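Remember, it's a predicted structure, so these values are computed and weren't measured experimentally.
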Amino acid sequence: MNKKIKIHPFILSGGSGRRLWPLSRSLYPKQFVQLQGSLSYFQKTLKRLDKKIFTNPNIICNINHRFMVKDQSSVIKQRISKIYLEPIGKNTTAAAITSAVASNENDLILLLPSDHLIENSKIFNECIKTSIQPALDGKIVLFGVKPNKPDTNFGYISAEKIRNSKHFKINKFIEKPNLKKSKELYKANSTFWNSGIFLFKASTLVDESKKYCLKNY
């Protein structure tokens, strides 16, 4: 890996707060709740990012959560590059485009949720490093998780192995299947849970959005 390359993280910190109610709520979504140990998922996400690989992170969050973002990052002494505020949630595509247009065209961006539990940070960072070159080559890299059981709570990725590569080509996305379908997907060799973590070059995402996003509303 070129040691001069640094990846710019954009952390998605939205959410309606319904998943873990009453612990979480609209003004206090689950990523800010301290569920395991003394740190919230948001703080664990910040600490997971290896400073040798990443710049100071950017946060995309609901306008009502901006002070929690600042307070919780300050507690763990993590500097934040910029905070981008959403008046209303617009889901992942809008956030991805925001990250791209807010960056230099050749910047590498890691777009990732703030509410994941990832126990091995070393493996996480190694996976990111392994995917730098495909992202530089103009690919949008989506990180998958090998299922350990059938589960209807996750979206799935159907993929095929690329010859002489550690990566897969995505054939199909399957949104939260029923139990019967999830059992079939679990048995397949090239099926993964969709982590929602993406690595891409800013210019790649801008070019793709021009192709596929509606120009008129």
Would you indicate whether the side-chain heavy atoms of E160 and S190 approach each other to under 4.5 Å?
-> no
Closest non-hydrogen atom pair, H65 against S13 = ND1-O, 3.9 Å
Would you sort out whether I59 and L46 count as a side chain to side chain contact (heavy atoms under 4.5 Å, CB included), showing the intermediate values?
-> CA-CA 10 Å; I59 313 297; L46 293 175; 4.2 Å; yes
Any side-chain heavy-atom pair of I128 and F143 under 4.5 Å | yes
For K51, side-chain hydrogen bond (donor to acceptor under 3.5 Å, both in side chains) partners two or more places apart = Q78
Near K146 NZ, under 6.0 Å, is it more than 12 heavy atoms from other residues, nucleotides or ligands?
-> yes
So how far is it from N194 CG to F154 CZ, rounded to the nearest 0.5 Å?
-> 10.5 Å
Please answer whether the main-chain N or O of L12 pairs with a side-chain N or O of S114 as donor and acceptor at a distance below 3.5 Å.
-> yes
Rounded to the nearest 0.5 Å, what separation is found between the CG atom of L199 and the OG1 atom of T204?
-> 10.0 Å
Any idea which heavy atoms bring N104 and A202 closest together, and the distance?
-> O-CB, 3.3 Å
Distance col, row S73:OG vs Q43:CD, nearest 0.5 angstrom, shows 8.5 Å
Closest non-hydrogen atom pair between Y186 and K149, with its separation | CE1-N, 3.3 Å
Can you check whether K183 reaches K180 side chain to side chain, under 4.5 Å on heavy atoms?
-> no
Side chains of E86 and N62 in contact at under 4.5 Å (non-hydrogen atoms) | no
Got a second to check how far H116's NE2 is from F124's CZ, nearest 0.5 Å?
-> 10.0 Å
Heavy atoms, side chains only, cut-off 4.5 Å: are F10 and T98 in contact?
-> no
For residues Y156 and F192, determine if any side-chain heavy atom of one lies less than 4.5 Å from a side-chain heavy atom of the other.
-> no
After noting the C-alpha distance and the side-chain angles of L205 and I109, does the key distance pass the side chain to side chain contact (heavy atoms under 4.5 Å, CB included) rule?
-> CA-CA 10 Å; L205 203 288; I109 295 168; over 6 Å; no
For P9, does its backbone N or O pair with a side-chain atom of N58 as donor and acceptor, under 3.5 Å?
-> yes
Please round to the nearest 0.5 Å and tell me the distance separating atom CD1 of I132 and atom CG of D137.
-> 12.0 Å
Spatial distance of atom CD (E184) from atom CG (L179) [nearest 0.5 Å] | 10.5 Å
Please walk me through it: do L110 and I53 pass side chain to side chain contact (heavy atoms under 4.5 Å, CB included)?
-> CA-CA 11 Å; L110 184 73; I53 308 171; over 6 Å; no
Report yes if the side chains of L112 and T45 come closer than 4.5 Å at any heavy-atom pair, otherwise no.
-> yes
Donor-acceptor contact below 3.5 Å, side chain N125 vs main chain D50 | yes
With the side chain counted from C-beta on, respond yes when F173 and L142 share a heavy-atom pair under 4.5 Å apart, and no when they do not.
-> yes
Closest non-hydrogen atom pair, I60 against A95 | CD1-O, 3.5 Å
Answer yes or no: is there a donor N or O on one side and an acceptor on the other, between the side chain of S74 and the main chain of D71, under 3.5 Å?
-> no
Decide side chain to side chain contact (heavy atoms under 4.5 Å, CB included) for V206 and E105; before the verdict, give the C-alpha distance in whole Å, the side-chain angles of both, and the deciding distance to 0.1 Å.
-> CA-CA 9 Å; V206 170; E105 63 176 13; over 6 Å; no
